Amino acid sequence: MKTKFWSVAVALLALALCGTAMLSYAQQNDAEGAQGWSGHKHGHMGFMARELNLTDTQKQQVKTIVQSDRAGMRPLMQQLAENRKALLAATANGAFDQAKVQAIANQQSQAMAQLMVQKASIQHQIYTQVLTPDQRTKADQMREKQMARIDQRLQKFSQSATETPQQ
């Protein structure tokens, strides 16, 4: 029972942190207007723009695609924030109602799934409508490197899970 509780608690904490990070990112971009493609404030997008050597026209096309999808993302970001607030309220003062927490976690996971689909759609639009064939090749290579890093992490996780702690 305790293990299940902690598993749910850790999963909810991870969901809450991801949701908070996404909400913060969306609010930051709303405030800044997503202008400029270099520097820390644009993180992964700035890195991709530099690595793929996007032209100013391509950067503007990407900005247009992202801005057009922002309206669809805003309700999802709001849902994530509301779910986080509901979770905090449901677990205030050490309270824990597993059914209530599970319902909130399910809502959170649905909103995050929808955000992931929208992100993949944006990436698809950029890949097919903006990038040149050479840039697509470079993007594919970058994706392969990313997948290799994920595979390495997964391998480390599986190795550490099979090792027994020595006493």
Side-chain angles (χ1 to χ4, degrees), residues 3 6-30 32 34-81 83-84 102 104-165:
T3 303
W6 284 112
S7 297
V8 170
V10 169
L12 288 173
L13 180 61
L15 283 171
L17 290 174
C18 288
T20 303
M22 284 186 220
L23 183 61
S24 172
Y25 178 75
Q27 288 173 344
Q28 175 186 358
N29 280 348
D30 280 348
E32 294 173 0
Q35 55 207 9
W37 281 85
S38 60
H40 179 65
K41 68 181 176 182
H42 297 290
H44 187 69
M45 292 297 279
F47 172 76
M48 293 295 291
R50 281 190 310 277
E51 288 296 310
L52 296 175
N53 198 24
L54 296 182
T55 65
D56 289 339
T57 302
Q58 287 176 310
K59 291 175 189 176
Q60 185 58 44
Q61 289 173 316
V62 170
K63 182 178 177 182
T64 301
I65 290 170
V66 170
Q67 286 178 339
S68 69
D69 283 355
R70 185 169 287 151
M73 295 179 99
R74 188 165 284 131
L76 295 172
M77 300 304 286
Q78 184 176 355
Q79 181 66 44
L80 290 172
N83 289 344
R84 171 129 171 78
Q102 185 67 51
I104 295 168
N106 289 340
Q107 290 175 350
Q108 195 79 339
S109 67
Q110 289 172 358
M112 290 181 76
Q114 290 174 347
L115 278 173
M116 290 176 74
V117 169
Q118 281 194 288
K119 179 181 174 184
S121 174
I122 291 169
Q123 289 173 344
H124 170 75
Q125 290 176 47
I126 292 169
Y127 186 88
T128 59
Q129 298 171 15
V130 177
L131 299 183
T132 66
D134 288 340
Q135 289 169 328
R136 289 179 189 164
T137 300
K138 175 82 174 183
D140 291 340
Q141 291 169 351
M142 292 170 71
R143 184 176 294 264
E144 288 297 321
K145 287 180 182 178
Q146 183 181 24
M147 289 174 67
R149 285 191 304 271
I150 291 170
D151 286 341
Q152 288 174 347
R153 286 187 202 122
L154 288 172
Q155 188 175 17
K156 285 180 183 178
F157 287 140
S158 65
Q159 286 174 352
S160 65
T162 58
E163 294 175 357
T164 57

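Remember, predicted model here, so these are calculated numbers, not experimental data.
Residues satisfying the side chain to side chain contact (heavy atoms under 4.5 Å, CB included) test with Q114, not counting sequence neighbours, are L76. When the side-chain hydrogen bond (donor to acceptor under 3.5 Å, both in side chains) test is applied to Q125, the partners found at least two apart in sequence or on another chain are S121. For T132, the side chain to side chain contact (heavy atoms under 4.5 Å, CB included) partners are Q58, D134, Q135, not counting sequence neighbours.
Across Q118 and D69, no two heavy atoms sit closer than the pair NE2-O, 4.0 Å. For the pair I104 and N83, the tightest heavy-atom approach, listed with the atom from each and the gap, is CG2-O, 3.5 Å. When every heavy atom of Q79 is checked against every heavy atom of Q108, the shortest pair comes out as O-OE1, 4.1 Å. A71 and P75 make their closest contact through O-CD, 3.1 Å (heavy atoms, listed as atom of the first residue, atom of the second, distance). Between L54 and K59, the shortest heavy-atom contact is O-CE, 3.5 Å.
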* Asked: What's the verdict on side-chain contact (heavy atoms from CB on, under 4.5 Å) for L115 and M77, showing C-alpha distance, side-chain angles and the deciding distance?
  -> CA-CA 8 Å; L115 278 173; M77 300 304 286; 3.6 Å; yes

* Residues R143, M147; criterion side-chain contact (heavy atoms from CB on, under 4.5 Å); working and verdict -> CA-CA 6 Å; R143 184 176 294 264; M147 289 174 67; 4.2 Å; yes

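F47 CZ to L52 CG: the interatomic distance, rounded to the nearest 0.5 Å, is 8.5 Å. Annotation: the span from Q129 atom CD to I65 atom CD1 amounts to 5.0 Å, rounded to 0.5 Å. Once rounded to the nearest 0.5 Å, the distance linking CD of Q123 with CG of L131 reads 11.0 Å. Summarising the geometry, atom CZ belonging to R70 is positioned 9.0 Å from atom NZ belonging to K63; distances are rounded to the nearest 0.5 Å.
Side-chain atoms of Q102 and N106 include a donor-acceptor pair closer than 3.5 Å.
Checked options V66, V130, I126; the residue passing with Q61 is V130 (criterion: side chain to side chain contact (heavy atoms under 4.5 Å, CB included)).
Two residues are said to be in side-chain contact when any heavy atoms from C-beta on lie closer than 4.5 Å; Y127 and I122 fail this criterion. A heavy-atom distance below 4.5 Å is found between the side chains of M142 and M48.
R136 places a side-chain N or O within 3.5 Å of a backbone atom of T128 that can act as its donor or acceptor partner.
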